[in-house]
Number of protein chains: 2
Amino acid sequence: MSKPSIPKGTRDFGAVEMQRRNYIFDTIRSVYRLHGYRQIETPSMELLSTLMGKYGEEGDRLLFKILDSGDFLSNISHQDIEEKNLPRIASKLCEKGLRYDLTVPFARYVVQHRNDITFPFKRFQIQPVWRADRPQKGRYREFYQCDADVVGTDSLLCEVELIEIINEVFERLNIACSLHINNRKILAGIAEVVGVSDQLTDLTVAMDKFDKIGMDGVLKELEEKGISEASIERIKPFILLEGSNEERLMSLTSLLEASEVGKKGLEELRFILNHINTEQLSCEILFDPSLARGLGYYTGAIMEVKAKEVEIGSITGGGRYDNLTGIFGLQGTSGVGISFGADRIYDVLQQLERFPEETASSTQILFINFGEEEVSLLQPLIRQMRKNNIAVELYPDNAKIKKQMTYADNLSIPYVVLAGSEEIKSGTYTLKNMLTGEQSLLSQEELFARFI
Amino acid sequence: MSKPSIPKGTRDFGAVEMQRRNYIFDTIRSVYRLHGYRQIETPSMELLSTLMGKYGEEGDRLLFKILDSGDFLSNISHQDIEEKNLPRIASKLCEKGLRYDLTVPFARYVVQHRNDITFPFKRFQIQPVWRADRPQKGRYREFYQCDADVVGTDSLLCEVELIEIINEVFERLNIACSLHINNRKILAGIAEVVGVSDQLTDLTVAMDKFDKIGMDGVLKELEEKGISEASIERIKPFILLEGSNEERLMSLTSLLEASEVGKKGLEELRFILNHINTEQLSCEILFDPSLARGLGYYTGAIMEVKAKEVEIGSITGGGRYDNLTGIFGLQGTSGVGISFGADRIYDVLQQLERFPEETASSTQILFINFGEEEVSLLQPLIRQMRKNNIAVELYPDNAKIKKQMTYADNLSIPYVVLAGSEEIKSGTYTLKNMLTGEQSLLSQEELFARFI
């Protein structure tokens, strides 16, 4: 029989990994709750009619589709097979798919439950998503997203709050970071004043690469996209913007004077920067007019967070979208949200060795098993300790002491109690510190006192 | 545009439901940890080669299968389509499926990682599973299981510990329950002494129905299964067993005297009953020789828990299996486990109104938004409160006060702070108790003191 395995791009998480992952999730969850966000969960499966067409053609291809139960062939004709139109056949074989992100299911949730929801609706959601991406280092086919969104208000105080949440999470996780912020309206304004409004995406995709390919690279890409030399000349100053956030805002205020949308974007950005108390934030806030982010549905602020000490790309992102629920027929519901990338945050903490000191178990004490008589004598004590919320284990077998000690060692259980029947009866217990090797002889009361 | 919906048999969970579900999950998780169980997670998708054939023919049919990415038709011939052998075609279209339970993935995990695992391995796992069952009241296509298992030891102290865990969980949840326990070897012994060892399953399936169809029903079913009149006569006393656990054990000891396997089962059961401190348990322990449970892989103790105050079927179950990992090529790894049924526990708590008093949010205070000036003045206080771990919200819009109060009301936020700019500047805040309507005028220090 061959050794069993799991689908490529998926992972098992053992006890230590789980403890570290929970540390990240628990931190994010606590900070969300502290700011009044309420948790929801949506099903892993959504109807494909909900998911298809929401992530572009590439996204549709990357959806995991679930074969219909029952007679899945009933709608397939010979002609279908002949033509081999895979998307068409897939849509006949499958009515459901696994969710691709948390945002589209959330939009669906808001529309479906709109009569029961109190707006503004501040929700958070921590669940896995699935993508049939080619697996590679750091990219998985199943991974968790940790989203928070506010829908039903266009108040920019939401952006302020989300930035404070990001700051608080990374402060608690002890990760130094910088938050790059821009506004989709500023990008639209730039496109307008340089005369390429019809090529907004080409422009922003190219500008977004400035960090990687430099000025020459960006200009070359713009040229390839068929943007005129005159427009390219006018784009240069936007890419070359330097200085503090305030200086960049000042330069743009004059450069974008002729664009209403551009000025609106600057105003929004200024409001946000004025309301976050920059000095109190550990996270550095950088206004970055070249930041574009997948432009899909964003219409206002966009942001991206990078770890300062590790080269790993964005570890959190977000932005405002004015009409996400519109795809499901509910117009005019503005929203803004962020998403923490748990896997990358894990890698950052791992590389920086910033995970709190943990053990493979929460167990404080392993009681060595010396046989049935001792076990019967120990059980009341063990129950008593558990009643007092002390996590303890009794080794289930009367195995060699060396084997039992190895168990404690392997699982990083910090203490072991060795007590034979005579000792238990006389109320004395040998407590061994597994780290230092130190042994102490304790009464039952002293033993309790050590761990309560 | 039609109102969006979700696949049948699946559910959205809103904020209040999530809080209640988390209450159940958190309770189970804490008790597992207190007893030294370590959390793992496995991928939602497993290879179909891992899942198929493990749950019987019915189970294979109920697996959700995932359409292969890429050219899923490449292995399908015209002949396949012609023959319409659905299972065969499905196996060509799909290489992966969603997990059906947590036990088979756990067995796969143990075999795959056996060189990294310290045995005995005490693990717990709380994750969703999926079944393409016909949806009906209380039966869903996606639901959570909360399993704990110990593998790598046949010590009956594990059974004892798991019973204590069950007791502790339901004590904490304030659910009165009875735990029915039996042993697969006792069932085998009964079959042996009445002469129907070759029809063990027929016998136990019929006996298991005693509660529902009574003595006559059981006898009729046995007759239909072709069991001889002589054997049926000999079965009667086993079904009619009455009295305390001790009395039942005594009767069976003489009835099963001729069966080695039966005597072994009784011995195991006696050990367990002797080691659980029955008086200290809130949960009633009932030895029930007719309890069979899906006989699939159990080989020793089997147990099932029922809520005393609600008619709802089993809310927890478990048992020992001697060779679960054998299906993946690792022989001789005995294990024992339990699984809490979170959905049924939810329904029990709901019916009994035993959920702890909760709110739709953890938010303690909503700060009413009186406009930009007030917001700027309030923000330092709000930040300070959050730094002190007090969950507060600021209403994001300067909306009518009534609307803001309704928000607090709908979300059961217990307190609201009303403070105009003059009041904030003079350091006085009106705190309104949303439940009683009572208002108090507090200084900033007093406000803090109330919530820390």
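A note on names: the letters A, B, ... follow the listed sequences, proteins ahead of strands, and every chain is numbered from 1. Given the structure is predicted, the values throughout are model-derived calculations rather than measurements.
Put simply, the side chain of B/Arg29 reaches to within 4.5 Å of the side chain of B/Phe124, judged on heavy atoms. For the pair B/Phe271/B/Ile276, no side-chain contact is recorded, criterion being any heavy-atom separation below 4.5 Å from C-beta on.
With B/Ser334 contributing its side chain and B/Asp154 its backbone, the two residues share no donor-acceptor pair below 3.5 Å. For B/Lys65 (side chain) and B/Leu98 (main-chain N/O), no donor-acceptor pair under 3.5 Å exists by modelled atom type. A donor-acceptor distance shorter than 3.5 angstrom exists from the side chain of A/Arg141 to the backbone of A/Asp133, with no hydrogens or angles considered. The backbone N or O of A/Gly14 sits less than 3.5 Å from a side-chain atom of A/Glu17, completing a donor-acceptor pair. Although no hydrogens or angles enter the test, the distance criterion places a donor-acceptor pair under 3.5 Å between the side chain of A/Asp80 and the main chain of A/Ser77. Checking side-chain atoms of A/Ser412 against main-chain N and O of A/Ala408 turns up no donor-acceptor pair under 3.5 Å.
Judged purely by distance below 3.5 Å, without hydrogens or angles, the side chains of B/Gln39 and A/Asn22 pair a donor atom with an acceptor atom. Looking only at atom types and distance, the side chain of B/Glu142 has a donor-acceptor partner in the side chain of A/Ser44 under 3.5 Å away. For the 3.5 Å distance criterion, the side chains of A/Asp397 and B/Thr153 qualify, holding a donor opposite an acceptor.
With respect to chain A, the highest number of heavy-atom pairs below 4.5 Å among B/Arg123, B/Arg61, B/His78 belongs to B/His78. Counting heavy-atom pairs under 4.5 Å between each of B/Thr10, B/Val160, B/Thr118 and chain A puts B/Thr118 at the top. Most heavy-atom pairs under 4.5 Å with chain B: of the set A/Lys403, A/Glu161, A/Arg108, this distinction falls to A/Arg108. Options B/Asn389, B/Asn398, B/Asp68 differ in how many heavy-atom pairs under 4.5 Å they form with chain A, and the most are formed by B/Asn389. Contact tally against chain A (heavy-atom pairs below 4.5 Å) for B/Tyr109, B/Phe13, B/Tyr140: the top residue is B/Phe13. Highest contact tally toward chain A, considering only B/Leu330, B/Leu394, B/Val392, is held by B/Val392 [criterion: heavy-atom pairs under 4.5 Å]. Chain B forms more heavy-atom pairs under 4.5 Å with one residue of A/Pro7, A/Ser69, A/Pro128 than with any other, namely A/Pro7. If you tally non-hydrogen atom pairs under 4.5 Å between each of B/Thr42, B/Asn369, B/Leu34 and chain A, the highest count goes to B/Leu34.
For B/Arg134, no part lies near chain A; criterion is any non-hydrogen pair under 4.5 Å. For B/Phe119, the part sitting under 4.5 Å from any heavy atom of chain A is the backbone (N, CA, C, O) and nothing else. Heavy atoms closer than 4.5 Å to chain B are found in the side chain of A/Leu93, but not in its backbone. Within the 4.5 angstrom heavy-atom criterion, atoms from both the backbone and the side chain of B/Glu41 approach chain A. At a 4.5 Å heavy-atom cutoff, the contact between A/Thr50 and chain B is made by side-chain atoms alone. If you measure heavy-atom distances from B/Val150 to chain A, you find no contacts under 4.5 Å at all. When heavy atoms are compared at a cutoff of 4.5 Å, A/Arg99 does not approach chain B at all. Of the atoms belonging to A/Gln112, heavy atoms from both backbone and side chain fall under 4.5 Å from chain B. Neither the backbone nor the side chain of B/Glu95 comes within less than 4.5 Å of any heavy atom in chain A. Looking at A/Ala399, there are no atoms closer than 4.5 Å to chain B (heavy atoms on both sides), in backbone or side chain. Only the backbone of B/Arg11 comes within less than 4.5 Å of a heavy atom of chain A; no side-chain atom from C-beta onward does. Interface remark: B/Gln125 contributes no atoms to any contact with chain A (heavy atom separation under 4.5 Å). Heavy-atom distances place no part of B/Ile365 under 4.5 Å from chain A, backbone and side chain included. Heavy atoms of B/Asp71 lying under 4.5 Å from chain A belong to its backbone as well as its side chain. Heavy-atom distances place the side chain of B/Leu157, and not its backbone, under 4.5 Å from chain A. Proximity to chain B (any heavy atom under 4.5 Å) is shown, for A/Glu159, by neither the backbone nor the side chain. Contacts between B/Ile390 and chain A at a heavy-atom distance below 4.5 Å involve the backbone alone (N, CA, C, O). In this structure, no portion of B/Ser30 lies under 4.5 Å from any heavy atom of chain A.
A salt bridge does not link B/Glu168 with A/Arg383: none of the charged nitrogens is closer than 4.0 Å to a carboxylate oxygen.
Test A/Leu162, A/Val31, A/Leu281 against A/Asn167 for side-chain contact (heavy atoms from CB on, under 4.5 Å) and you get one pass: A/Leu281.
Distance check: B/Asn274 CG to B/Leu156 CG gives 11.0 Å after rounding to the nearest 0.5 Å.
When ring centroids are compared, B/Phe367 and B/Tyr395 stay outside the 6.0 Å threshold.
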